[in-house]
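Since the structure comes first, as structure tokens, the remarks are kept for the end.
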Amino acid sequence: MNGQDELTDLPVWQREEIFPAKPPGGNYGVLVGKDEAKAFTNFADLEEHVAQWREPAGLIWTPDRERCFPPEEDARLLNALRKRKAALSEVDWSSQRFRAFLFALPIVYLFWSALASGRVLHSQELGIYAVLWLMFAGIPAYEAWKRSRRALRLNAENLAGEAEEVRFEIWIRRQHIPFTKILLGVVVGVYFVQVLKGMAQSGGLLSALWLPLEIRGGQPDLAGLAEAGLVKSRDGIGYFHGEWWRLLTAPMLHGQLIHIVMNGLGLLYLGRRTEVMASWPHLALVFLVSMLAGGIASAYGLPTQPSVGASGGIMGLLGFLLVFEYLHGRLVPQRATRRLCAALIFTFVVGFVGYQFIDNWAHGGGLLAGGIYAAIVFPKSSSPHRPRATRTDQLIGVIAGLIVVGGAFLAVMRMRGV
């Protein structure tokens, strides 16, 4: 087997040509982003810069390679990388500890209040704050602690594994993801229609942006819920009264700013990974199938509670990637797949803590649908090459994408009274 054949037997993220050629001038240097470059005349200067590097991970270049590459791939930089990662993780761990403590104060107060009233297991306010603490303080603090421990244990052996993960993450961030961005824009756009709908009755833009409410029958209600949310059965309307289209419109609506932000971040990360690894038609299909499955699971699992949000489709992307990457082990480094497992555990913990107001049926239905889709459409393979979308895939993907966008359009029309 010649060198060219060996090159083509590598996953795309392991190939040399995925990163830019090194800039002219200077034997050594660093490249941050796509344009900012800094050259050095000797390796010692590069090593010192890497040790003091406080920006997000970038690329470097050296005389022995024609293209830029992650610094983790140069074993000579082990000590510099250890210093850099230890310094960054220590600052991060210190700030996250303080944030976790600060965020815990209202939790303690609410816990003692609920304990005094005998409502610890039924306090929705306590559950909401506990979920917020987990998302924005508890789990970030745990991750910072893990990074600080890993930085202290960094050696030549685990640096090689880390280099694979860094290369994969840098490569995947540089890929074009038009469909993911379109899908994200559609979901965010519908949320702003909700904000505009509730703005007149909620006291202004900021309050409506945080929680878009409107007044119905003298009581506040989520803007757009009655018209387009997954209402199961209420006063002659709802999914169980033949309004099946709510399975398409409800995923486009969201409850509040935190809801849309968390779902938007999840969609951006998982959508990017799905679109890059399996192509955009399968992203469209997985999202559509999973949001429908999540809605049906929610309807039968929580028949009396309405729901909104794209979580079913997003969890479907997570389930798809977990199964897809397991069945195609050469496509993605193991460390990168562990992040998906961590996301699954995170979702389970948040769902357990916030079971009173989080639709775990929709999460579970979407997760299962995405995993089944991957198992059926992408059987196990040892190939290092990403699957290519056929014309049939593209046609079906266009149809799926139009259905998703049509659901968003219908949600907007319903909220406008059409």
Side-chain angles (χ1 to χ4, degrees), residues 8-15 18 168 171-187 244-245 247-249 251-252 263 266-296 310-333 336-337 340 343 365-410:
T8 56
D9 277 344
L10 292 173
V12 60
W13 54 272
Q14 284 188 334
R15 301 176 190 174
I18 66 170
F168 175 78
W171 167 75
I172 207 166
R173 284 200 304 268
R174 287 171 167 257
Q175 304 309 299
H176 297 293
I177 49 168
F179 190 86
T180 299
K181 292 180 179 178
I182 291 172
L183 185 57
L184 179 61
V186 167
V187 173
W244 56 268
W245 46 264
L247 296 176
L248 297 174
T249 57
M252 301 297 115
N263 275 358
L267 177 57
L268 183 60
Y269 180 78
L270 297 173
R272 176 190 296 275
R273 195 147 161 171
T274 303
E275 185 169 358
V276 171
M277 300 309 299
S279 74
W280 67 265
H282 295 289
L283 168 59
L285 280 164
V286 171
F287 188 83
L288 174 62
V289 169
S290 301
M291 77 180 198
L292 293 176
I296 293 172
S311 301
I314 294 169
M315 289 301 296
L317 297 178
L318 177 58
F320 171 84
L321 287 169
L322 285 168
V323 174
F324 175 82
E325 293 183 7
Y326 171 76
L327 296 174
H328 301 78
R330 293 188 64 188
L331 287 180
V332 179
T337 301
L340 298 179
L367 182 76
L368 184 62
I372 292 174
Y373 182 100
I376 294 175
V377 178
F378 295 100
K380 187 175 180 63
S381 171
S382 59
S383 171
H385 305 297
R386 292 175 291 171
R388 293 183 178 181
T390 65
R391 290 194 175 184
T392 302
D393 293 336
Q394 293 174 352
L395 176 60
I396 298 175
V398 168
I399 295 172
L402 290 175
I403 292 174
V404 172
V405 174
F409 180 76
L410 179 58

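The first residue in the sequence is number 1, and the count goes up from there. What you see is a predicted model; the values in this text were computed from it and never measured.
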Heavy-atom nearest pair, A293 first then G365, reads CB-O, 3.8 Å

When L267, L283, I177, T180 are each screened for side chain to side chain contact (heavy atoms under 4.5 Å, CB included) with T274, the one that passes is L283

If you round to the nearest 0.5 Å, how far is CG of L331 from CZ of F168? 9.0 Å

Could you check, using the six-membered ring where one of them is a Trp, whether F324 and H282 have ring centers closer than 6.0 angstrom? no

For A408 against V186, the heavy-atom pair lying closest together: CB-CG1, 3.2 Å

Apply side-chain contact (heavy atoms from CB on, under 4.5 Å) to the pair F320 and L270, showing each step before the final yes or no. CA-CA 10 Å; F320 171 84; L270 297 173; over 6 Å; no

Here the pair of heavy atoms bringing T337 nearest to V332 is OG1-CG1, 3.7 Å

CZ on R386 to NE2 on H328, rounded to 0.5 Å: 13.0 Å

Closest non-hydrogen atom pair, A389 against S279: CB-OG, 3.5 Å

Tell me whether the rings of F378 and Y373 are parallel (<30°), tilted (30 to 60°) or perpendicular (>60°). tilted

Quick check: do L317 and Y269 have side-chain heavy atoms less than 4.5 Å from each other? no

Sequence neighbours excluded - side-chain hydrogen bond (donor to acceptor under 3.5 Å, both in side chains) pairs with any residue from residues 397-407: none

Does the side chain of W280 reach to within under 4.5 Å of the side chain of D393, using non-hydrogen atoms? no

Which heavy atom of R330 sits nearest to which heavy atom of P11, and what is that distance? O-CG, 3.0 Å

Rounded to the nearest 0.5 Å, how far apart are NZ of K181 and CG of L268? 8.5 Å

Count the heavy atoms of every other residue, nucleotide or ligand shown that sit under 6.0 Å from CZ of F409, and state whether that count exceeds 12. no

Ignoring hydrogens and angles, tell me if any N or O in the side chain of E275 forms a donor-acceptor pair with the backbone of F179 under 3.5 Å. yes

Point-to-point distance, once rounded to the nearest 0.5 Å, from CG of N263 to CD1 of I314: 4.0 Å

Let me see the working for I399 and L285 under side-chain contact (heavy atoms from CB on, under 4.5 Å), right down to the final yes or no. CA-CA 9 Å; I399 295 172; L285 280 164; over 6 Å; no

Nearest heavy atoms of G401 and A284, plus distance in Å: N-CB, 4.0 Å

Would M291 and L248 count as a side-chain contact (heavy atoms from CB on, under 4.5 Å) if you check the C-alpha gap in whole Å, the side-chain angles of each, and the deciding distance to 0.1 Å? CA-CA 8 Å; M291 77 180 198; L248 297 174; 3.7 Å; yes

To the nearest 0.5 angstrom, please state how far the CZ atom of R273 sits from the CG atom of L321. 6.5 Å

Is R15 reaching over with its side chain to a backbone N or O of L10, donor-acceptor style, under 3.5 angstrom? yes

CG of L183 to CE of M252, rounded to nearest 0.5 Å, is 6.5 Å

